[in-house]
Amino acid sequence: MPAPAVLSTSLSSLDPATGEVLGRFDSTRLSALPGLLTRARRVQAEWTSTPIRARCSFLSALRNQIYRRRDELADAVIRETGKPRVEALFADLFVTLDSASYYATFAPAMLKPERVQHHSVAVKAKAGRVLYEPYGVIAVIGAWNYPLAIPMGQMIPALVAGNAVILKPSELTPWCGTLIGELYEQAGFPPGLVQVAQGGGELGEALIAAGPDKVIFTGSVATGKLVAESCARRLVPCVLELGGKDAMIVLADADVEVASSAAVWGGFTNCGQACLSVERIYVEQAIAADFTERCAAKARLLKLGRGSDPQTEVGPLIRASQVDRIEAQLRDAVSRGGRILTGGRRRPDLGPCFFEPTVIVDVDHSMQLMQEETFGPVLAIRTVAHEDEAVALANDSAFGLAASIWTADARRGRQLAARLRAGAVMINDVASYFGIPEAPHGGRGASGWGRTHSKFGLLEMVQVKYVDVDRLPGWPKPWWYGYNHQLGEAADRFLQFLFAPQWRHRWRSARGALKTVFRGDRI
Ligand code: NDP
């Protein structure tokens with residue numbers, strides 16, 4: 001076990017399927033945070049001078065550790081979140097393993113210093129380079145729903161870029177948080193480069209106050225606003241990966257059978273507790289009845305149960321309070337004319353947090369269900385007359401994380417994608433881009449700012465530095481002191497030489513412009 005940070009009370013890890021306590025984990029005292037930061041800074045100073053290829057070999061060792069312990073890691077994810085095994089393997093393990101492989105292979109090229117090509121003759125004598133330097137200490141504050149994939153997908157690029165990381169996992173998934181700390185230790189990363197601070201929201205708040213150099217936050221809009229305020233007060237940059245209300249647009253030429261399977265999986269995977277869940281469906285009139293019927297029929301087939309049961313397709317919600325929230329949204333929707341086709345009920349016979357996969361129709365945007373994030377197993381389907389109505393409704397949301405379009409015509413799909421206000425749009429698939437390491441992930445509007453994953457996620461972990469070498473070091477610059485009337489005229493000639501609309505005019509100004517260079521009156 002890694003040495004935990006200074007201890008005080010403990011956190012309980014609960015099985016959402018039963019409410020049973022799975023274990024207790026030491027929590028970190030708020031007063032310990034400055035010490036964690038100091039240690040991280042000390043270790044990071046050496047880590048940053050480790051060549052990037054050597055840092056990548058640590059990632060390969062990390063990937064091997066994850067692979068070796070994949071069963072144990074999947075078990076922890078299943079027990080703490082309640083999700084089915086297949087989802088723990090595909091969503092948490094695959095994404096984590098592939099992220100380590102991807103950055104171990106491609107980070108060196110992405111962070112290689114870049115030569116800058118200067119377009120203007122005014123600075124042709126300069127050789128410029130862009131360098132990518134780590135921030136220092138990055139605080140990763142995580143949500144509970146993908147307790148391995150999400151923090152690991154952020155920590156891996158942070159580390160390979162030369163930063164130290166302090167992870168504050170959700171207090172609902174302390175077991176996974178502890179395992180993450182162990183993995184880095186066993187992979188041989190320098191002690192103190194990755195530290196796990198366990199605790200609740202107050203610890204997250206104190207971690208930001210302790211002064212990391214950047215914060216990567218994943219969580220709700222409400223907490224994201226607090227994080228943004230706290231970071232702004234300290235001028236600490238942050239990435240905010242917040243909630244979603246993803247729309248699925250199903251056009252009349254779509255394959256109804258495939259699209260309905262996608263809708264059901266996209267709405268109910270992880271029991272609907274994914275930022276990329278399909279929460280709103282807009283289906284064209286011509287196929288609406290068929291599509292809706294198939295969605296309802298497929299939802300009825302899904303087997304609810306504990307994640308550890310290999311037959312389970314939909315597990316429990318994370319806590320009973322989440323069940324209350326979903327019921328309240330459905331009550332509001334039904335009171336405004338929504339019609340539940342299947343589901344809509346708690347299942348106390350299975351455990352305290354089970355709720356049936358639900359399909360509801362006749363929904364409109366006056367309902368909480370269509371405005372607020374649901375984060376539960378509810379598919380809300382609305383019939384639309386044509387694609388313009390679908391696009392307008394999809395964009396009528398505070399959120400802008402991702403969306404999907406279903407059509408046999410890829411060109412039409414791309415055209416519609418360009419009109420959607422979202423960080424990502426998938427044509428004929430849902431959500432799975434999260435598992436494509438080359439795909440940037442992040443939202444617009446209430447879904448947050450900044451990106452994780454891909455080259456763009458890696459670039460969030462570095463500061464850009466421009467370094468310029470003058471090739472004519474013995475030559476004073478035309479714009480330096482020694483101002484007088486002649487230099488003013490020569491400067492204007494110089495502008496004419498560069499920017500006059502007619503080429504003839506430009507050439508006529510060349511001689512006068514050269515007087516800025518050949519001057520005898522410098523100071
Ligand atoms: P929360 O906002 O409740 O918590 C997120 C993290 O912030 C937790 O670690 C939490 O600690 C911590 N925290 C709470 N208060 C503060 C504070 N004042 N300052 C700093 N940190 C704090 O979100 P959930 O964990 O409930 O996650 C669900 C949400 O996350 C959903 O809205 C979902 O859409 C979103 N999400 C977004 C993703 C994306 O990529 N865009 C991906 C996954 C989820 P603690 O849990 O210990 O209280």
Side-chain angles (χ1 to χ4, degrees), residues 11-14 16 25 27-28 30 33 80-81 83 91-92 95 139-154 166-174 176-177 180 196-210 212 215-231 233-234 236 238-246 269-279 317-319 321-322 325 372-376 398-402 422-424 431 433-435 439-453 457 460:
L11 291 175
S12 298
S13 166
L14 301 182
F25 292 82
S27 60
T28 306
L30 300 191
L33 288 172
E80 269 190 329
T81 66
K83 71 181 68 171
D92 278 284
V95 172
V140 172
I141 300 179
W144 48 265
N145 57 343
Y146 291 92
L148 271 191
I150 292 177
M152 291 294 264
Q154 300 163 349
I166 299 179
L167 166 69
K168 204 235 38 98
S170 165
E171 66 184 327
L172 306 187
T173 52
C176 290
I180 289 176
V196 179
Q198 298 269 20
E202 70 296 339
L203 189 78
E205 204 179 327
L207 176 56
I208 298 171
V215 174
I216 313 292
F217 172 82
T218 306
S220 61
V221 176
T223 313
K225 286 180 181 170
L226 296 176
V227 167
E229 275 174 28
S230 181
C231 286
R233 247 179 275 124
R234 297 172 174 84
V236 170
C238 60
V239 169
L240 300 177
E241 292 289 3
L242 310 180
K245 190 80 200 162
D246 290 4
T269 187
N270 210 26
C271 199
Q273 301 167 114
C275 53
L276 296 173
S277 285
V278 171
E279 296 213 350
L317 288 148
I318 190 75
R319 291 291 180 267
S321 54
Q322 188 57 21
R325 187 187 143 92
E372 295 168 14
E373 188 178 39
T374 302
F375 226 53
F399 295 98
L401 194 55
Y433 82 90
F434 192 78
H441 171 64
R444 299 186 187 179
S447 293
W449 58 57
R451 291 293 178 267
T452 57
H453 298 184
E460 293 281 5

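Source: prediction; values computed, not measured. Order of appearance sets the numbers: ligands from 1, and atoms from 1 within every ligand.
Phe217 counts as a contact of ligand 1, since one of its heavy atoms falls under 4.0 Å from the ligand. Heavy atoms of Gly199 come nearer than 4.0 angstrom to ligand 1 in at least one pair. Taking 4.0 Å as the cut-off, Gly443 does not count as a neighbour of ligand 1 on heavy-atom distance.
Around atom 16 (C) of ligand 1, the closest heavy atom drawn from Thr173, Thr218, Leu172, Thr223 belongs to Thr223. Among Gly219, Gly201, Pro169, Ala149, the residue whose heavy atom lies closest to atom 29 (C) of ligand 1 is Gly219.
Summarising the geometry of Tyr146 relative to Pro151, their closest heavy-atom pair is O-CD, 3.4 Å, with the distance given to 0.1 Å. Listed here is the closest heavy atom pair of Ala228 and Cys238: CA-SG, 4.4 Å. Closest approach of Gly177 and Pro169 over heavy atoms only: CA-CG, 3.7 Å. Arg234 approaches Ile208 most closely through the heavy-atom pair CD-O, 3.6 Å.
If you check which protein heavy atom lies closest to atom 11 (O) of ligand 1, you get Lys168 NZ, 2.9 Å. Considering only non-hydrogen protein atoms, atom 12 (C) of ligand 1 sits nearest to Ile141 CG2, 3.8 Å. Nearest to atom 27 (O) of ligand 1 among the protein's heavy atoms is Ala143 CB, 3.4 Å. In terms of protein heavy-atom proximity, atom 26 (O) of ligand 1 is nearest to Trp144 NE1, 3.0 Å. With respect to atom 19 (N) of ligand 1, the closest heavy atom belonging to the protein is Glu205 N, 3.4 Å. The protein heavy atom nearest to atom 48 (O) of ligand 1 is Glu171 OE2, 3.2 Å. Regarding atom 34 (O) of ligand 1, its nearest protein heavy-atom neighbour is Glu373 OE2, 2.5 Å. Ranking protein heavy atoms by distance to atom 23 (O) of ligand 1, first place goes to Ser220 N, 3.4 Å.
At a 3.5 angstrom cut-off on N or O pairs, Val221 does not count as close to ligand 1. Note: an N/O pair closer than 3.5 Å links Gly142 and ligand 1 by distance alone. When only interatomic distances are considered, the shortest N/O to N/O separation between Asn145 and ligand 1 does not fall below 3.5 Å.
A 4.5 Å side-chain heavy-atom check between Glu205 and Leu226 finds every atom pair outside the cut-off.
Aromatic ring orientation, Phe434 versus His441: perpendicular (interplanar angle above 60°, classes split at 30° and 60°).
With no hydrogens or angles considered, no side-chain donor-acceptor pair links Arg325 and Ser321 at under 3.5 Å. When only modelled atom types and interatomic distance are considered, Thr81 and Gln273 share no side-chain donor-acceptor pair under 3.5 Å. Looking only at atom types and distance, the side chain of Ser13 has a donor-acceptor partner in the side chain of Glu80 under 3.5 Å away.
Atom-to-atom distance recorded for Leu172:CG and Asn145:CG is 10.5 Å, nearest 0.5 angstrom. Within the model, atoms OG of Ser447 and CG of Leu240 stand 11.0 Å from one another, a figure rounded to the nearest 0.5 Å. How far OG of Ser277 is from CD of Glu373: 8.0 Å, rounded to the nearest 0.5 Å.
Residue contact check: Gly204 has heavy atoms under 4.0 Å from atoms 19 (N), 20 (C), 21 (N) of ligand 1. Each of the following atoms of ligand 1 lies closer than 4.0 Å to a heavy atom of His441: 39 (C), 40 (O), 41 (N). For ligand 1 and Ile150, the ligand atoms under 4.0 Å from any heavy atom of the residue are 42 (C), 43 (C).
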